[in-house]
Amino acid sequence: MGEDLASRLYGLAWRVTPRLPGPVAELVFDSVAAVMRWSGVGGVRQLRVNLAQVLGQAADSPAVTAAAARGVHSYLRYWREFFGLAGWSRDRIRDAVVFESLDRVAAARDAGRGVVLALPHSGNWDLAGAALVLSGHRFTTVAQRLRPERLYQRFVSHRAALGIEVLPADETRRTVTTLTRRLRAGEVVCLVADRDTSAAGIGVRFCGAPTTFPAGPAQLALRTGAALLPASLWYDGPRLRIRIHPEIVPGRDGATRARVEAMTQELADVFTGAVRRHPHDWHVLQPVWPAPAHQG
């Protein structure tokens, strides 16, 4: 898809979706999901490969086929909610989200610590972010810079309207400096952390196979003394559920690199359990493992 076409389609979705009655918006996005399932476009084939690894079965198995079918509709639900959020009231956002153990975030902040919330690409992280802000925890996050620039800025503005500060991933020094400052001030940083897009990731085992995860969550927590709290997200009927897991506590001994590696593997273990419990709500349509593998 060309940059200009993508920008126009996103712009159309932003304009139209908030104005559609709920059932109509659901029908439109479910129809798009059905086309994606039928044609295999938009990363659907890769989604099947990824879910094969998650479930430990062949990509053409009935279990993977069913999970991928549900997964495409869950993925389009994310986009329907994302584009519609501009028209949602605060009460509607609150009613759409159920937190489990959110007090772990409050407890760390009450103790004067920052919080690194690390989460996979599951459920709806933008809706989760909007609800987190309404619960009293404004936060900063990082996003890949899109092209064209005006499309990226539209995403940034959309999230800023929800109370979310977005920093660009490609301005590494400035972004890391800002995140460090926020955490040392006792604030919250949210990072999607189940797919490494750099050349400096940490080797982990995730869903039974080797891959790499970004080092950032563990590094930031070690550098600033912030609490590293994994979060998992999934759809539960009309609501989004968000579970805040216990803190990943760094080991006291060893080199910094080894401590970061151990913390990142613990994060991968939490994500493995979360993704395997709700595989159809894990929205990763890009390669995760170095080569297709379905023996978990």
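No experiment lies behind these values; they were computed from the predicted model shown. Index from 1, following the sequence.
Legend: salt bridge (charged side-chain N to carboxylate O under 4.0 Å, His left out) pairs involving residues 114-143, not counting sequence neighbours, sorted by first then second residue: Asp126-Arg159. Applying the salt bridge (charged side-chain N to carboxylate O under 4.0 Å, His left out) test to pairs two or more places apart or on separate chains, those with a residue in residues 92-102 are Asp91-Arg94, Glu100-Arg241, Glu100-Arg243. The list of ring-ring contact (aromatic ring centres under 6.0 Å, His included) pairs with a residue in residues 143-167, not counting sequence neighbours, reads Tyr10-Phe155, Trp14-Phe155, Trp14-His158, Phe82-Phe155, Phe82-His158. Within the structure, salt bridge (charged side-chain N to carboxylate O under 4.0 Å, His left out) pairs that include any residue of residues 212-224 do not occur (at least two apart or interchain). Residues in residues 214-240 take part in these ring-ring contact (aromatic ring centres under 6.0 Å, His included) pairs, two or more places apart or across chains: Trp234-His278.
Scanning for side chain to side chain donor-acceptor pair (under 3.5 Å) contacts around Glu26 gives an empty result, with sequence neighbours left out. Residues passing the side-chain contact (heavy atoms from CB on, under 4.5 Å) test with Ile242 are Val97, Phe99, Ala128, Leu233, Leu240, Ile244, sequence neighbours excluded. In this structure Trp88 satisfies the side chain to side chain donor-acceptor pair (under 3.5 Å) test with no other residue, sequence neighbours excluded. In this structure, the salt bridge (charged side-chain N to carboxylate O under 4.0 Å, His left out) partners of Arg77, at least two apart in sequence or on a different chain, are Glu81. Judged as a salt bridge (charged side-chain N to carboxylate O under 4.0 Å, His left out), and not counting sequence neighbours, Arg195 has no contacts.
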Can you list the steps and then say if His283 with Ser122 is a side chain to side chain donor-acceptor pair (under 3.5 Å)?
-> CA-CA 6 Å; His283 307 147; Ser122 293; over 6 Å; no
What do the steps show when you test Thr180 against Leu220 for side chain to side chain contact (heavy atoms under 4.5 Å, CB included), and what is the final call?
-> CA-CA 7 Å; Thr180 299; Leu220 285 166; 3.7 Å; yes
Show me, pair by pair, the donor-acceptor contacts under 3.5 angstrom made by side chains of residues 163-173, not counting sequence neighbours?
residue, atom, partner, partner atom, Å
Glu165, OE1, Thr140, OG1, 2.5
Glu165, OE1, Arg182, NE, 3.0
Glu165, OE1, Arg182, NH2, 3.4
Glu165, OE2, Arg182, NH2, 2.8
Asp170, OD1, Arg145, NE, 3.3
Asp170, OD2, Arg145, NE, 2.9
Glu171, OE1, Arg174, NE, 2.7
Glu171, OE1, Arg174, NH2, 2.8
Glu171, OE2, Arg145, NH2, 2.8

Residues 255-264 side chain polar contacts: donor-acceptor under 3.5 Å, at least two apart:
residue, atom, partner, partner atom, Å
Arg257, NE, Glu261, OE2, 3.2
Arg259, NE, Gly251, O, 2.6
Arg259, NH2, Gly251, O, 2.9
Thr264, OG1, Val260, O, 2.8

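By the 4.5 Å heavy-atom criterion applied to side chains, Phe213 and Asp196 are not counted as neighbours.
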